[in-house]
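Here is the structure we will look at, set down as structure tokens.
Model, not experiment: these values are computed from the prediction. Basis for what follows: all heavy atoms, side chains included, without hydrogens, waters or symmetry-related copies. Here is the naming used below: chain letters follow the sequence lines, and residue numbers restart at 1 for every chain.
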Amino acid sequence: MEIATWNVNSVRARAQRVTQFLERTQVDVLAMQEIKCKPEQFPYADFEAVGYEVIAHGLNQWNGVAFAYKKDLAPTDIETSFPQQPHFKDSLEARALGATFGDIRIWSLYVPHGRGLDDPHMDYKLEFLERLGSHVAEELEEDPSSQIALVGDFNIAPLDSDVFNVGFFDTHVSQPERDVFEVFEQIGFTDLHRKFVPEGYTYWDYKDLRFPRNEGMRIDFILSSPELTERITAGSIERDERKGEGPSDHVPVIASISG
DNA sequence: ATGACTCGACTATCGAGA
């Protein structure tokens with residue numbers, strides 16, 4: 001089984017590129033972030049045409065998360081937020097979508113950006129990750145063999161080498177953000193691409209020739225719970241998806257799972 | 001070339017992204 005995650009930066013603007021990716025890779029499940037549309041606006045027909053069904057969760061033109069999955073899969077226990085997921089300005093935003101595929105619980109996550117170190121959005125970001133961590137820690141406490149994959153755009157660069165110039169950034173590299181990211185490791189989750197693809201970015205800004213100059217950030221991850229980690233056989237970062245006509249500013253990240 | 005932002009709101013500019 002192969003799972004992938006991709007911040008598509010508008011699924012309506014990107015439907016052809018995303019479906020061509022599915023045709024090429026035949027991943028079983030693709031978790032998407034920033035679909036930027038409501039479910040009724042999702043380009044379902046394009047996905048059906050290449051053999052995929054879709055679960056979409058979006059409230060407006062911002063955020064939005066979804067799954068595309070092969071037609072023979074039957075996801076269960078669909079949730080459009082995790083327990084205690086924080087609100088921003090009284091709104092429970094479309095930033096998390098959970099579904100179980102076979103024996104694997106997958107969360108498609110679009111972690112808040114933060115906007116600035118002293119911005120209320122940063123508190124929101126940290127709280128979002130703290131509460132997500134508490135939730136999965138409870139799940140693992142109840143059943144240590146739980147197969148959980150936390151996938152998506154975490155908007156954090158855990159290591160200095162995950163950005164082209166650490167001095168260029170204030171958010172994404174700050175200690176509070178890195179501390180809250182590290183909690184997942186302490187709970188037992190593994191960033192599987194550290195092993196399979198130790199080098200490379202997953203995001204390059206559209207501005208300032210960031211991609212040709214390879215000035216990017218590594219902020220999209222697949223985190224696997226202990227028993228799931230044992231089943232990971234391969235991983236890749238699909239860097240070529242940043243090339244060509246009308247790319248997203250992020251590229252897909254893929255994990256292969258045995259069984 | 002991998003090339004100088006892009007998206008969706010609206011319809012002219014603007015918030016948001018990171």
In whole angstrom, what separates [X]'s [atom1] from [N]'s [atom2]?
{"X": "A/D205", "N": "B/dT2", "atom1": "CG", "atom2": "C1'", "answer": "15 Å"}
{"X": "A/K36", "N": "B/dA16", "atom1": "NZ", "atom2": "P", "answer": "12 Å"}
{"X": "A/R17", "N": "B/dT2", "atom1": "CZ", "atom2": "P", "answer": "11 Å"}
{"X": "A/D119", "N": "B/dA18", "atom1": "CG", "atom2": "C1'", "answer": "13 Å"}
{"X": "A/Q61", "N": "B/dC14", "atom1": "CD", "atom2": "P", "answer": "16 Å"}
{"X": "A/R95", "N": "B/dG17", "atom1": "CZ", "atom2": "C1'", "answer": "10 Å"}
{"X": "A/E215", "N": "B/dA18", "atom1": "CD", "atom2": "P", "answer": "18 Å"}
{"X": "A/N9", "N": "B/dA16", "atom1": "CG", "atom2": "P", "answer": "15 Å"}

Would you measure the distance from the P atom in B/dT6 across to the matching atom in B/dT2 and give it in whole Å?
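So the two P atoms sit 16 Å from each other.
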
Using the P atom as the reference point in each nucleotide, state the distance between B/dC7 and B/dA18 in Å, no decimals.
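These two P atoms come out 14 Å apart once rounded.
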
Which nucleotide in the set [options] lies at the smallest distance from any side-chain heavy atom of [X]?
{"X": "A/L209", "options": "B/dC7, B/dA4, B/dA18", "value": "B/dA4"}
{"X": "A/K207", "options": "B/dA18, B/dT6, B/dA9", "value": "B/dA18"}
{"X": "A/Y206", "options": "B/dG8, B/dC5, B/dT2", "value": "B/dC5"}
{"X": "A/W62", "options": "B/dA9, B/dA16, B/dT2", "value": "B/dA16"}
{"X": "A/H121", "options": "B/dT2, B/dG17, B/dA16", "value": "B/dG17"}

Would you classify [X] as touching base, sugar-phosphate or nothing, given that sugar-phosphate means primed atoms plus P, OP1 and OP2, and contacts are heavy atoms under 4.0 Å?
{"X": "A/R115", "answer": "sugar-phosphate"}
{"X": "A/Y203", "answer": "sugar-phosphate"}
{"X": "A/R210", "answer": "nothing"}
{"X": "A/W204", "answer": "nothing"}
{"X": "A/Y201", "answer": "nothing"}
{"X": "A/N155", "answer": "sugar-phosphate"}
{"X": "A/N7", "answer": "sugar-phosphate"}
{"X": "A/D153", "answer": "sugar-phosphate"}
{"X": "A/T171", "answer": "nothing"}

Can you confirm if the aromatic rings of A/F164 and A/F169 lie within a centre distance of less than 6.0 Å?
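Aromatic pair counts; centres sit under 6.0 Å.
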
For the residue pair A/Y110 and A/F128, is the inter-centroid distance of their aromatic rings smaller than 6.0 Å?
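No: the rings miss the under 6.0 Å criterion.
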
Walk me through it: do A/F88 and A/H121 pass the test ring-ring contact (aromatic ring centres under 6.0 Å, His included)?
CA-CA 8 Å; A/F88 186 66; A/H121 211 256; 4.8 Å; yes

Of all the heavy-atom pairs spanning A/D77 and A/R105, show the shortest one and how long it is.
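For A/D77 and A/R105, the tightest heavy-atom pair comes out as O-NH1, 2.7 Å.
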
Search all heavy atoms of A/I104 against all heavy atoms of A/A149 and return the closest pair with its distance.
CG2-CB, 4.4 Å

Residue whose nearest DNA chain B nucleotide is more 5′ - A/Y110 or A/F211:
A/F211

By side chain to side chain donor-acceptor pair (under 3.5 Å), A/E127 pairs with (sequence neighbours left out) A/R131

Given the structure, check if the side chain of A/H172 and the base of B/dA18 hold any donor-acceptor pair shorter than 3.5 Å.
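A donor-acceptor contact between them is absent.
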
